Each structure stands twice: as C-alpha cells, then as structure tokens.
Amino acid sequence: MKEIEIENELRRVVRRLFLEKRIDIFIGFEDSLNGVRPCFIKSVDEVDRLVWNKFCKNNLALYLLRFDCRVGIVAKGCDEGAIIELIKENQISRENLYIIGIPCNGIYSEDNKIYSVCKTCTRRNPLIADIIIGELVDEKDMTFDDLKEIEDMPIKDRFRFWIREFENCILCYACRNICPLCYCNECYLDRRDLIDLRERNLSDKIFFHLSRAIHLAGRCIECGECERACPMNIKLGKLFRKISKEVWELFEYKPGIGIEDKNPLITFDPKRDEEL
Amino acid sequence: MERKIKKEEIGKFLRRLSEKYEVIIPTEFNDSFEFRVINRNKNEIADGIEKFSNSKIPPKKFLIPESEIAFEFSEIDGNAIIKEINIDKRERIIFGIRPCDVNAILLLDIVKKEKPKDLSYFKRRERTLLFSLECNTLCKNSFCTSLGTGPFIESGADLRFTDIGDYYLVKALTDNGEKFLNFPEFENADKKDKILRDKMVKNIDTKIIGHEEISEKLEEIDEEYWDSIATRCIECYICTLLCPTCYCFNVFDTLSVFGNSGHRIIFQDSCMSRDFSRLAGGENPRRERRERLRNRIYHKLKYFVDRYGRLGCTGCGRCVSLCPVGIDMREFIFE
C-alpha cells in the first residue's frame, strides 16, 4: 500500500469510529507550515486534517495521559511499544483505547534522512492494534553493532566523548518532557530540595542525563524521541540504546513487546537473580 | 562611510581584530553553526561562513549567560563579607550576528535599562561591538520580513557587512564602527557595489505588519484554540531558552557545607516552567499549561507592545524550527 492509500484508509477508519461513537477523540498527525505535527481530532468534520507519511515522527503515546475519555490513536511500532509499557505500568487502560497500527519502515527527518534509531529498530509491526492498515514489513534482527564505535573507544576517549555531548546540553528538559515513559507527575529532577540543577554547570547536565538513563532502564522502547527533540543534537539515542543493550544482555528482556511481560528490574526471581 | 573587503581577506581581518579584541564568530558545529570565540591558533577562520544561516543558540548568550555567579559571601567573626565578581574587561566583537539578533539585543537594552538597571548586563553590553552580517537568503521558518527586523539592517549594529558576491560591502553604522574601516584589508567601494546591495534589498519581499494590529488580533483568539495548542505543548524550555529576546531570570543562593559562605547565582529561567510563577505558600496564578503558553505569546506580542511600543519577537524562527511538536509563532501573528 502506498502512503496516500494508507492515509485515505486511516481517514476512513477514523470517520467510522466517530460515526459509530466508539471514540471521543483521535490522536494523529496533521500538516503545518513547518512539517507534520501531532493533532487531536474531536469530531468527524475534522477527520480530513489527518495525514500519514514517513515524516510522522512524534511518539503519540505521550498524549494518551492527557485525555480521560475514549481515545483512538494511530501508532507506529514504537508508539505501540510505549502504549504497552504505559498499560503495564497502569497509566492507561486498554479498554478505553482504540489503536490503529501502521507497519513502519522508518521515519525520516525533514531533509529526508532516516533517523538513526529507526535503522536498528526491531519493532516495526503492530502487535496489539485493533486494526492494521498497510502490509506488514520484515523485522530486522536485533543488533547493537551501531554502539561499537563508541564502545571501542579507550575509556578516556569515551569519557571525553560523552562530556562533549553533555556540555552542549542547555537543560531545556525537552528530552524528559517528550518521553512517553517520563510521565511522573512530580519528577525528582524538579524537586529542588533533592537535587538542584539551577546552577546549570556541567555536573548538573551529566547528572540530568545519566539519572534519566538509569530511570528508563528496562522501560525505554527506543523510539528516539529524546534525540529528535534535542535542539542541540546530543546523541541521546546512543545513550539509551546502550542501556537497552545492558538490560538485554543481563535479562534477555526487551520492553514494549508483551503486555504480560514483567520488567526484570522491578521483579525478583531468586533463580535468575542469584548470580547477580 | 562605505567600503568593501574581499571575502578571502575576512579571515585575516578577524585575526587582526583578535589581537586586541575577543572576537566571536559563527563556527561550524554539529551540522550547524554556533557563535564561539575565535581560536587564533587555527588557520581557517570564518571558513564556511557562506553556509551560515543562523545559530541555534542566539548570541545573547554573551550578554546573558545561562548562569553566573553574582557575588560571593561569607561570614567571618560575625561580619558579613561580600566579594564582587569581576567581569572580564576585554572588549568583544560579535562578527556575523544577523539583523534579527541585533534587533533582539536592542530590545534587551530597553528592558535591562529599566530600574533597577541590570549592571552586569551593561558591563558586558558596553564592551561589545556588533558586526552584523545581512542575509542574502531567508532562513527557513523565519518571518523577519513581516516584522521589519531583517534581513537588512540600517541601525543598531556598529558595522554592517553585506555579501555582494566576491566582496562584502561594509558600512559603519556608528562612530565606533567607523574606525575599523581604516584597516588595510578594506578597499573603497564604488557605486556599482552599492547598486548590487540595493538590488538585493529590492528583490526580497518585505511586507511589514503593524504591531498594533498583531496585538489586537491576539485578543480575538478563543479559549478553545489556546486549549488545542496547549494540549500539544510539552512545556519544555526550548522556545524560551533559545529565544533571542527572552531575558527572564531567577536568583538563588548556594551555601557551603559549613553554612558560613556561599555564592549567589543568577540563572536564565523559563516561563514555561511550572515553578516560574509559583508563589511562596504554593499558590500559582499560572497553574495550567495553557495559561503559561498564553503568557509567553502575550508577552512577546502584546505586553511588549503595550509597554515599549514594539514587538518582543524578531521573527528569527528559532522557536518554530526547534519546537519538537510544531507549535508555530507564525500562527499567532498571521492567522
């Protein structure tokens, strides 16, 4: 199916959902002066605003927590992964959700380059969608080869590499705020009585990123939103993939796949964890 | 006075300047450009400047650092001792600053001059010279042509550079700028060169919208529209931290572990933060995301006009290009 056919089919399905009164709001993408952006469709008359193409970069699962009604959503593999994690963590309920899954061959930036996290994505096809539009695509084998370049650096260079990356950080909090899994109402990074980042020096910036990385271990679904949102092009995708690699090697666990899967970092299995 | 300089000579000119001044130029960095202090040991100075459109971090960072120590304090034998922090006295030149950012600094001047005058800002500002580089092409997402803040400039900078092919046409806009035109790298400009610039100016469509008109239209926006935009907003600080005219700050003290010394820090704050308008006791007049977003837009397009008679936005387009969820300043101005 071509992109335009998928788009037409998407509009048709959403129109039906509204007419059958199965959803109150639909989260999708619309066109704007500056490319594709998320939009919220409230009635059947607005459905024609919906678009679908390879530039639909945002992870829409982020917005699910903002609605307390029956929501429809269009989901790529990574969006669906985030939805699964949110369901597992009791943040949203599956019953109130209608998922339109679209198999994904990677998302492209405005200058037509594929995003780096998409190159290593192993979660291209919908798994829990109510309806799938478009043909399923081939999944790639899991690989962490893209990390080799950084991993192979001598420790001093690697340290310098990350310091240089974090030096550019302006602490705009976009990476935290756009992350669909950073949903805490009160984030410890905002709690000045616990950690005060207002001085904005290098150690604050390093602390910010490394502690976020630890908090997302075993939860990050590698959608790459943090890296895309970052105005300073910090290689956050590589940082979070490294965390995912560690989790995979220790537990053979990948988040965002099975709704019944248990996150190994919040469960204790005496047999498995003895050697740890 | 108008003169011109060969493009190949720019590096030499800047190196000569850097003997006496701290020279800041756009430097290629991570697929884009950032303003950085010249590294005199490097051979290629200002190479690739032809590709420069604008930096992500506005040059205001040299006047308003992301955080700075205001003073140090300590207590010795019951007496409070305050030690001021000296700001480097060396004069600075920002070369390549775009007209929109020059206009932004002029706005900051107005705001910072209000009582109480921001002394540390003016200590930096007074020793900063602006060598503006006019734009031959418009940046993506910029709308300076509608606000009258670019792509050309007639006043505000000290020197004005215009790309006219093999040369930059250079005009001094202040007395301070005038003296640099005697540098040996410059040649006399003739009529032909001026015509080249005039042609460029004519070719770019400028249609300035009155700021009264913009701020009046803003009031017509209904609640529902604000709601729909606020639902999309992720309340990060990109639009405020990278805005060339945003100047909000906050102040806090840090104490040493012994509690008898410390320093006071001024840091750039963002009105998109939940804590920004929170009062002692926990009350918050702008509790909702919608209210904070509206405040940001109103501040730029209305409060500035009411108070200073000009817009608080220079149309550089940074907030538009860098917003991860496509919130677009142009919609508030044009629609």
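Proteins come first, then strands; the chains are lettered A, B, ... in the order of their sequence lines, and each starts at number 1. The structure presented is a predicted model; accordingly, all values stated were derived computationally and were not measured. The analysis underlying the following values was restricted to heavy atoms, covering all of them including side chains, and did not include hydrogens, waters or symmetry mates.
- Heavy-atom pairs under 4.5 Å with chain A were tallied for B/L241, B/L242, B/T231, B/D328; the largest tally goes to B/T231.
- Interatomic distance, CH2 of A/W162 versus NZ of A/K235, reported as 8.0 Å (0.5 Å rounding).
- B/N141 touches chain A through its side chain: at least one heavy atom from C-beta onward sits under 4.5 Å away, while N, CA, C and O do not.
- Of the atoms belonging to B/E34, it is side-chain heavy atoms, and not backbone ones, that fall under 4.5 Å from chain A.
- At a heavy-atom cut-off of under 4.5 Å, chain A is reached by B/H263, B/I265, B/F267, B/Q268, B/R274, B/D275 from residues 257-275 of chain B, listed in order of number.
- Partner of A/C179 under the side-chain contact (heavy atoms from CB on, under 4.5 Å) criterion, out of A/L216, A/L236, A/L62: A/L216 alone.
- Only the side chain of A/F40 comes within less than 4.5 Å of a heavy atom of chain B; its backbone N, CA, C and O stay farther away.
- Under the 3.5 Å distance criterion, the side-chain polar atoms of A/K76 are left unmatched by any main-chain donor or acceptor of A/I107.
- Under 4.0 Å is where a charged nitrogen must lie from a carboxylate oxygen, and between A/E80 and A/R123 at least one such pair does.
- The environment of B/D205 atom CG is sparse: at most 12 non-hydrogen atoms of other residues, nucleotides or ligands sit within 6.0 angstrom.
- Of the listed residues (A/L33, A/N201, A/D196), the one with the most heavy-atom contacts under 4.5 Å to chain B is A/L33.
- Note: B/S32 OG to A/N233 CG = 6.5 Å, rounded to the nearest 0.5 Å.
- Looking at A/E165, neither its backbone nor its side chain comes within 4.5 Å of chain B, counting heavy atoms on both sides.
- The candidate from A/P38, A/A229, A/G35, A/C39 with the greatest count of non-hydrogen atom pairs under 4.5 Å with chain B is A/P38.
- Stacking of A/R70 on the aromatic ring of A/Y98 is not recorded, the 6.0 Å distance cut-off and the 45° axial limit not both being met.
- For A/Y173 and B/Y237, the gap between ring centers is short of 6.0 Å.
- With a threshold of 4.5 angstrom between heavy atoms, A/E225 does not approach chain B through any atom at all.
- In this structure, A/K205 fails the cation-pi test against A/F166, since its NZ or CZ atom is not both closer than 6.0 Å to the six-membered ring centre and inside 45 degrees of the ring normal.
- Counting only distance, with no hydrogens or angles, the side chain of B/S321 and the backbone of B/R318 share no donor-acceptor pair below 3.5 Å.
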Steps toward side-chain contact (heavy atoms from CB on, under 4.5 Å) verdict (B/T27, B/F33): CA-CA 5 Å; B/T27 322; B/F33 281 84; 5.6 Å; no
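- There is no contact between A/R228 and chain B, counting heavy-atom distances below 4.5 Å.
- For a residue to count as touching a neighbouring chain, one of its non-hydrogen atoms must lie under 4.5 Å from one of that chain's; by this rule B/I69 does not touch chain A.
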